[in-house]
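Written out below as C-alpha cells is the structure these notes cover.
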Amino acid sequence: MKVKAKKSIIDYILSYSKKQEKEHVKAEEKTLPRKVTEKAKIKITRNIWDLTGKIVVIAEKPKAANKIALALSKNPIRKSIYGIPYYMIKTKNGLIIVASAAGHLYGLHTDQYGYPVFRYEWKPLYQIGHKAKHTKKFITALSKLCSNADYYVNACDYDIEGSVIGYLIIYFHGDLEKSLRAKFSSLTIGELRESFRKLTSLDWEMIEAGLCRHELDWIWGINISRALMSSVKMASGKRVILSAGRVQTPTLRYIVEKDIERRLFIPLPQYSLSINISKNNYEIHVEYKGKAVETKKKAKEIIKDIKNTGYLTVKKYEEKKYWLNPPPAFNLGDLQEEAARIYRFSPYKTQSIAEKLYLDALISYPRTNSQKLPPTLNYKGIMNKLSRINNYKELISNLLVETRGVLKPVQGPKDDPAHPAIYPTGVKPKDLGKDEWKIYDLIVRRFLAAFASRARISHRIVYLEYPKDPSMVFMASGRKILELGWLRYYPFSMPEERFLPRFQHGEKVKITKASIRKTYTKPPEKISRIKILRWMENVGIGTEATRARIIEILFNRKYLRSVGGRVEATDLGLGIIEVLMEYFPEITSVSLTRYFEGEMEKIRLGIRRRDEVVRDAKNTLIKLIVSFDKKKYQIGKTLSYRLGYLTPTNKCMLCNREAYKNNLCKYHYQALNTIVKTYEEWKRREGVDWDKYLSSIKKLKSTGKWIVEVIQNFEKIKYSHSK
DNA sequence: GCAAGGTC
Ligand SMILES: [Zn+2]
C-alpha cells in the first residue's frame with residue numbers, strides 16, 4: 001500500500017481495486033494504525049514519583065480514572081467536583097490529581113453556512129449540538145482541576161483518539177509545555193504502574209495523526225452532505241437532512257448493490273434427486289451432492305435408471321469422534337451476532353444494553369474487539385461472586401469440580417489494543433429488565449464456557465454413489481453428543497443430534513424411494529443489520545463504538561427501511577448512491593479509509609504533515625464540488641423525485657423514478673432486459689413458451705421485485721416478445 | 001444540520 005506523492009487523491013483512490021479491499025481482511029493488523037502499539041523508542045522518560053508540585057493526570061473515562069488512582073496508590077482520596085469524581089494522591093514532593101474526561105469533550109465546528117467549507121475549529125461538544133450535555137460538567141471540572149499545575153499527564157487510552165482527547169484538554173485548560181504521556185495497553189495495575197514510571201514527552205505524531213483524521217472526516221462528510229442537501233433545496237425548495245461520510249456511504253453502497261441484485265433476480269429451475277435408502281430397517285434420506293440436473297427430461301432418465309439398478313454403493317464411510325473447543329469470551333461483534341441469532345436483537349440494541357450493564361459495573365468494558373481474557377484477572381474470585389446468583393450457582397460449582405480449580409480460559413485470535421474480552425465482574429445484578437438479563441446471561445455463560453472442557457462429538461458420514469455414474473454422489477450424516485463439556489454452560493450452540501447406522505465401504509445399499517425434486521437457484525442472501533455490521537468489520541471501517549450507530553443513521557436518513565427484520569434500500573438510498581458514485585466516487589469506497597490510514601501512518605512516522613494531507617483533501621474536494629455544481633440542479637431534481645417531492649415529467653410508468661429508456665427507469669428497464677435475457681435459459685431447461693415462462697417466474701417467491709413489477713405491467717409497457 | 005470518533 002503505497003501512495004505516490006505526485007498522484008492526486010482521486011487517481012490513487014480510483015486505482016484501488018476491489019481485490020485490494022478484500023486483501024485488507026487478511027492484512028487488518030498491519031494496516032490499521034487507528035489503535036497503535038508503539039515500538040520502543042529511545043527517549044527520555046520521567047518517573048511520576050520524581051516529579052514535584054501539582055500533577056494532573058487525565059484519564060479517558062471515569063472508570064479508567066478509578067483504576068489509575070488505585071494503581072498509583074492503595075488509598076487514593078476520592079473527591080468530587082460538579083458531580084465528577086477525581087482522586088488525590090500525595091507523593092513525597094507533590095500532589096497527584098487523577099481527573100477524567102468522558103471520551104471526546106471537543107468536536108470540530110464551523111459557523112459558516114453553505115459549501116465548500118474548510119474553516120472549522122475545536123469547540124466544546126455541548127455547544128455544538130443539544131446532544132452531549134453531560135460533557136459540560138466534565139469540562140468545568142477539568143478546567144478547575146487543571147489550573148496552575150506543574151505537570152499534565154495525558155493518561156487516556158493509548159490510541160490516536162486518546163491522544164487527541166487528552167491533548168485538547170491540556171490545550172484548552174493546561175499547558176502543553178508541561179505535558180507528559182502515559183502509555184499503557186491495558187488498565188491492569190502492573191501495566192499502569194510501569195507506564196507512570198516511564199512517562200514520555202507528549203506523543204505529537206499520534207496527536208497530529210488523530211487531528212488529521214478528525215479534519216479529513218469533517219471536510220469530506222460536511223461538504224458532501226451539504227452539497228446533497230443544497231441540491232434538493234435548489235430543485236424543490238425543500239429542506240431535508242441528507243448525509244454522506246467515509247463510513248456510512250460505503251456501507252449504504254454495499255446494501256444498495258446487494259438489494260439491486262435481489263430485485264433483479266430470476267431463479268432458474270433445476271432438478272435434484274431425492275432418494276431414500278434402507279439400512280438395518282432404518283429409512284434414511286440421502287442428500288444429493290452432485291451437480292444439479294438442469295432439465296426435467298435428464299432428471300427423469302437418471303431416476304428411472306437409478307430405480308432400475310435399485311441400489312447405491314458406499315463410496316466412503318467415516319466414523320470419527322472429535323473435540324469441539326469452547327468459544328472464547330465475547331468481543332462486541334460476537335456478542336451482537338449471538339444476540340441477533342438467539343434473540344433477534346439489533347446490534348444497536350445489544351450494544352446499548354451492554355453499555356448499561358457496564359455502567360452498572362456488571363460487566364467489563366464492552367466496546368472491545370478482543371476475544372482474550374487477561375491472565376491477571378482473578379477468575380476464581382469472579383466465579384465465587386457469580387455463584388451467589390441462583391441461576392449460576394450449580395453451574396459454577398460444577399465448573400470448579402470439572403476444572404479441579406485450574407481456571408485457564410480459551411483465548412480467541414482477535415485482539416484489541418486497549419481492552420480485554422467482555423467478562424462479568426461478579427457484581428450481583430439488581431432489577432435487570434428481561435432483555436438486559438438476556439444479554440447479561442449470554443456474557444456470563446460465554447465467560448464460564450471459556451473455562452470448561454471441550455465437548456466430545458461422535459460423527460458419522462457416508463457418501464454413496466450411483467455405480468453407473470460416479471458423479472452422482474449422495475450423502476447422509478449422523479451426530480451424537482458424547483460429552484457436553486462447555487455446551488452445558490453455553491447451550492446456545494448445541495449441535496443437532498441425528499442417528500445414522502454404520503456402513504461398510506463398497507456395500508450395496510437398497511434404494512426404497514427415488515424421485516426427482518424440482519428446485520430453483522437461490523437468490524442473493526437477505527440483508528440484516530448484523531450482516532451489515534459484520535461486513536463493516538471485515539472490510540475494516542468504523543469501530544466497535546460506531547458501527548451499530550452508523551447503521552441506524554442510514555435508517556434515520558430514510559436511506560434504508562426494515563421489512564420484517566430484513567433491510568431494504570429505499571428509492572432515496574438508491575438515488576444517493578447513484579449521485580455519489582458519479583460525483584464523489586471516493587466517498588462510496590472503503591478505499592478512502594485505507595487512504596486515510598496510509599496518510600495517518602506517514603504522519604506518525606514523521607514523513608508527512610497534517611496540513612499537507614488536509615490541503616490535498618481540500619483540493620480534491622474543490623475539484624469534485626465544481627463538477628457537482630455544474631449539474632447541481634439536475635442532481636437536486638433526481639433526489640427530489642426519489643424523496644417524492646417532485647414528479648418527473650418523464651416518469652417511469654411503473655414507479656416515481658425518472659424514465660431512462662422505453663418509458664422505464666433504469667432499474668425497471670434493466671429488469672425488462674434481464675427477463676428477456678433469462679428466457680433463453682428457461683426455454684432450454686423447461687421447454688416453456690414466453691407466456692408460460694412469465695407466469696412461472698411471476699409466481700416464484702425469490703423472483704426479484706422489479707422483475708415482478710415489469711411482468712405485471714407488460715400490457716402497459718406494450719412490450720411484445722418476438723420469438 | 002451535515003462526519004466519525006470517544007463515552008454519560
Ligand atoms: Zn421504474
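Heavy-atom basis, side chains included; hydrogens, waters and symmetry copies ignored.
With rounding to the nearest 0.5 Å, the separation of CD1 in A/I96 from CD1 in A/I68 is 11.0 Å.
Side-chain proximity of A/R246 to B/dG1, B/dG5, B/dG6: nearest is B/dG5. Of all nucleotides listed (B/dT7, B/dA3, B/dG6), B/dA3 comes nearest to the side chain of A/R557. The side chain of A/I241 has B/dG1 as its nearest neighbour among B/dG1, B/dG6, B/dT7. Ranking B/dT7, B/dG1, B/dG5 by closeness to the A/A102 side chain, first place goes to B/dT7. Side chain of A/S243, nearest nucleotide from B/dT7, B/dC2, B/dG6: B/dC2.
Toward the 5' end of DNA chain B, the nearer of the two residues A/K63 and A/S230, judged by each one's closest nucleotide, is A/S230. Between A/Y358 and A/H109, the residue anchored closer to the 5' end of DNA chain B is A/H109, taking for each the nucleotide with the nearest heavy atom.
If you measure from atom OH of A/Y559 to atom P of B/dA3, you get 8 Å, rounded to the nearest angstrom. Here B/dA4 presents its C1' atom at 11 Å from NZ of A/K131, a figure rounded to the nearest Å.
Distances shown here put every side-chain N or O of A/Y120 at or beyond 4.0 Å from the OP1 or OP2 atom of B/dA3.
A/I422 is listed as a side-chain neighbour of A/S364, based on a closest heavy-atom distance under 4.5 Å.
Contacts of A/F196 classified as ring pair (Phe, Tyr, Trp, His ring centres under 6.0 Å), with partners at least two apart in sequence or in another chain: none. With sequence neighbours left out, A/Y348 forms a ring pair (Phe, Tyr, Trp, His ring centres under 6.0 Å) with no residue at all. Remark: A/H173 pairs with no residue by the ring pair (Phe, Tyr, Trp, His ring centres under 6.0 Å) rule, at least two apart or across chains.
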Residues 578-585 of chain A, side-chain donor-acceptor partners within the protein, below 3.5 Å, at least two apart:
| from | atom 1 | to | atom 2 | distance (Å) |
| --- | --- | --- | --- | --- |
| A/E578 | OE1 | A/R642 | NH2 | 2.9 |
| A/E578 | OE2 | A/R642 | NH1 | 3.0 |
| A/E578 | OE2 | A/R642 | NH2 | 3.2 |
| A/E578 | OE2 | A/Y667 | OH | 2.4 |

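Residue contacts shown for A/R549 include a base, since a base heavy atom lies under 4.0 Å away.
Between A/E552 and A/R549, no side-chain nitrogen of the basic residue sits less than 4.0 Å from a carboxylate oxygen of the acidic one, so the salt-bridge criterion is not met.
Between A/T620 and A/E586, the side chains place no donor N or O within less than 3.5 Å of an acceptor N or O (distance only, hydrogens not considered).
Residues from residues 329-338 of chain A lying near DNA chain B, meaning a heavy-atom separation below 4.0 Å, are absent. For the segment residues 569-578 of chain A, the set of residues with a heavy atom within less than 4.0 Å of an atom of DNA chain B is empty.
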